[in-house]
**Student:** 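What follows is a structure written as structure tokens; I'll ask about it next.
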Amino acid sequence: MDINTLEYAQKLDSQDQLASYRQEFYLPEQKIYMDGNSLGLLSGRAERTLLELLDSWKTLGIDGWTEGANPWFYMAEQLGERMCTLVGGKESEVIATGSTTTNLHQLVSTFYKPSGKRTKILADELNFPSDIYALQSQIRLKGLDPDEQLVRVKSDDGLTLDEKRIIEAMTDEVALIVLPAVLYRSGQVLNMKALTEAANEKGIPIGFDLCHSIGAIPHELHDWGADFAFWCTYKHLNGGPGSVGGLFIHERHFGKAAGLAGWFGSDKTKQFDMDHKMTAAADAGAYQIGTPHILSLAPLIGSLEMFEELGMERIREKSLALTSYMLECIEGELSDYSFGIGNPIDSTRGGHLLLLHEEAARICQALKAEGVIPDFRAPDGIRLAPVALYNSFEDVWHTVQILKRIMKDETYKQFPNERGVVA
Ligand SMILES: *Cc1c(COP(=O)(O)O)cnc(C)c1O
């Protein structure tokens, strides 16, 4: 059977054991959503737990902190425990708190101790800008010069990183390593295990940004021996815009003083003693700062259920099947239109694909006009994320067919080749 047919896509959907989860989500009407790696969609379960939270505020007032189905005071810890399997941490090693960037600041403040000739932070030149800004400012806070102290490992092709090169850069001048788990543009999955082993051997603390990997691929952070990790929950975890992020800290570091202290990092039995001498929590909870953003935690209570029901192995398996099918359709249908493939084509790809084209900005606009939601990454990238929980093989087929039509009819030429404010 020709794989580039609607019938074939529908056959794949009929064999898909995760297919029923699509009904859990609000899919934008008449659209094909391929942007779950930027903002995951709302599920009925996330909506329900958010509305329940509002109701607890309505009916309980201040007592909502300790009463009701989900007492607010313990929510960050409970959600941390529930996220731990997603990152391969122990329950005590994960906390729901902050955002990606604030958690990075917290962890760098905690782990970056430049001394003697060991003063540098090792990152990479493809890292997400916010992470780089945070690292630069942390270096400045130590009275050092980011141009000298921030080492960014180079990429040969501008898309992917070579782990060997990263390991070579782990010199005795490096005080801290911060790397992405999955690169936000190309979707390359870095070999976190090998990188962590090398860093551990050299005694350099290493942490990972899991923004594009949590909910997309399995992790074994505890067993690998990673020192720390941090992430957001509004991408593959579908927590909603600005939902509370998370962090992992290996238990061997429990007791390490948080760089940025605040009363919600306290031992919960002592917090309300209101003593000026802080008694920090004995686990990952110690790296919280202030009052948790309860309304932005609430959708996760419902959303995480689906990950617990399915487990990451099955989600990853479907995700790989979707992106494999998309790659096959692209190869079969788009070969005349000068697209490049920016993602690794083997299993070191994460949950999204990166198509490269000179006219990417306006091709994205044409896709949107045709009801397909991709995202554009300057200068020439189109990211497409068929998400295991709510996208179908039929979505993938339609996306490639629509893209083919846009290229064949050159309808993208009606749009300026520029990006929007939120690309
Ligand atoms: C999405 C993303 C961020 C966003 O950081 P916020 O603090 O949540 O705004 C940071 N780093 C990476 C790699 C991301 O993909």
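Counting starts at 1 for both ligands and their atoms, in listed order.
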**Student:** Using a 4.0 Å cutoff against the non-hydrogen atoms of Tyr234, which atoms of ligand 1 qualify?
**Tutor:** 1 (C), 4 (C), 5 (O), 6 (P), 8 (O), 9 (O)
**Student:** Could an N or O of ligand 1 be found under 3.5 Å from any N or O of Asp131, whether backbone or side chain?
**Tutor:** yes
**Student:** Which ligand 1 atoms are under 4.0 Å away from a heavy-atom of His212?
**Tutor:** 15 (O)
**Student:** For atom 13 (C) of ligand 1, what is the nearest protein heavy atom, given as residue, atom name and distance?
**Tutor:** Asp209 OD2, 3.1 Å
**Student:** Looking at Glu173 and Arg118, is there a salt bridge between them, counting it only when a charged N and a carboxylate O are closer than 4.0 Å?
**Tutor:** no
**Student:** When you check the gap from the basic side-chain N to the acidic O, do Arg22 and Asp395 get nearer than 4.0 Å?
**Tutor:** yes
**Student:** Using a 4.0 Å cutoff against the non-hydrogen atoms of Lys235, which atoms of ligand 1 qualify?
**Tutor:** 1 (C), 2 (C), 3 (C), 14 (C), 15 (O)
**Student:** Could you check whether the rings of Tyr390 and Tyr33 sit parallel, tilted or perpendicular, using 30° and 60° as the cut-offs?
**Tutor:** tilted
**Student:** Output the list of atoms in ligand 1 that are nearer than 4.0 Å to some heavy atom of Ser99, sorted by atom number.
**Tutor:** 7 (O)
**Student:** Is Ser130 close to ligand 1, meaning an N/O of one under 3.5 Å from an N/O of the other?
**Tutor:** no
**Student:** Write out the residue and atom name of the closest protein heavy atom to atom 3 (C) of ligand 1, then the distance separating them to 0.1 Å.
**Tutor:** Phe128 CE2, 3.5 Å
**Student:** Quick test of your reading of the model: are Asp156 and Arg165 salt-bridged, counting only N-O distances below 4.0 Å?
**Tutor:** yes
**Student:** For Tyr184, is at least one N or O under 3.5 Å away from an N or O on ligand 1?
**Tutor:** no
**Student:** With the threshold set at 4.0 Å, does a side-chain nitrogen-carboxylate oxygen contact exist between Asp35 and Lys235?
**Tutor:** no
**Student:** Cation over ring, Lys404 on Phe339, under 6.0 Å and within 45°?
**Tutor:** no
**Student:** Distance to the ring centre below 6.0 angstrom and angle to the axis at most 45 degrees; does that hold for Lys256 and Phe111?
**Tutor:** yes
**Student:** Check ligand 1 against Thr101 and write out every atom of the ligand that is under 4.0 Å from a heavy-atom position of the residue.
**Tutor:** 5 (O), 6 (P), 7 (O)
